[in-house]
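Below you'll find the structure, written out as structure tokens, and then a few comments.
Here the structure is a predicted model, which means the values were calculated and not measured.
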Amino acid sequence: MADKMVCPACGSYTSSILRAFQEGQPCPSCGLSSQAAGEILDVQERRANEQLKAQLETAITERDRAQSEARRLAVHLDRIKRAVKDAPDDDGGP
């Protein structure tokens with residue numbers, strides 16, 4: 001566990017804020033109640049989780065698109081290789 005905590009109201013980051021909130025006391029810097037701080041921090045955590053979930057969904061979509069494109073290009077490359085292999089040699093020379 002961290003030795004310090006940030007107050008969501010004033011932004012102070014000290015060990016005294018952590019102790020005060022753990023003991024149910026208000027922030028020593030701005031007076032925000034520990035209950036209000038807990039509620040604010042819960043909302044911030046939920047919002048951060050929602051943002052991370054959205055980022056993950058975007059990353060998965062991009063990964064799927066990239067995998068699909070890689071498969072398409074692999075098929076195209078295979079066709080090119082076969083065409084080059086089947087092409088007659090033109091070793092007429094200079």
Side-chain angles (χ1 to χ4, degrees):
M1 184 174 190
D3 296 326
K4 298 178 181 181
M5 184 175 183
V6 67
C7 173
C10 67
S12 296
Y13 180 70
T14 67
S15 57
S16 61
I17 292 173
L18 174 63
R19 277 193 306 278
F21 287 162
Q22 285 176 334
E23 296 170 0
Q25 300 298 314
C27 173
S29 297
C30 70
L32 179 69
S33 73
S34 62
Q35 181 182 359
E39 291 172 8
I40 292 168
L41 292 170
D42 286 345
V43 168
Q44 289 175 340
E45 182 178 348
R46 279 193 305 273
R47 196 172 291 151
N49 287 341
E50 290 169 2
Q51 289 173 341
L52 286 173
K53 184 178 176 183
Q55 290 174 352
L56 176 61
E57 289 171 355
T58 299
I60 288 171
T61 300
E62 290 174 4
R63 180 209 59 198
D64 291 347
R65 240 185 249 138
Q67 287 176 336
S68 178
E69 179 69 3
R71 284 190 297 271
R72 187 186 72 74
L73 291 173
V75 168
H76 189 64
L77 181 60
D78 188 51
R79 288 178 184 157
I80 292 171
K81 286 179 181 178
R82 277 187 273 133
V84 168
K85 179 182 166 189
D86 295 341
D89 288 338
D90 188 19
D91 283 344

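The heavy-atom pair separating L41 from M5 by the smallest distance is CD1-CE, 3.1 Å. Here the closest non-hydrogen pair linking C30 and A9 is SG-CB, 3.9 Å.
Between I17 atom CD1 and C27 atom SG the span is 4.0 Å, to the nearest 0.5 Å. The distance from atom OG1 of T61 to atom CG of L56, rounded to the nearest 0.5 Å, is 9.0 Å.
No side-chain heavy atom of L32 sits less than 4.5 Å from a side-chain heavy atom of C10. Side-chain contact check for K85 versus R82: every heavy-atom pair is 4.5 Å or farther apart.
Salt bridge present: E69 and R72 bring a charged side-chain N and a carboxylate O closer than 4.0 Å.
Screening residues 40-59 for side chain to side chain donor-acceptor pair (under 3.5 Å) gives no qualifying pairs among residues at least two apart or on separate chains.
Screening S12, S16, C7 for a side chain to side chain contact (heavy atoms under 4.5 Å, CB included) with S29, the sole residue that qualifies is S12.
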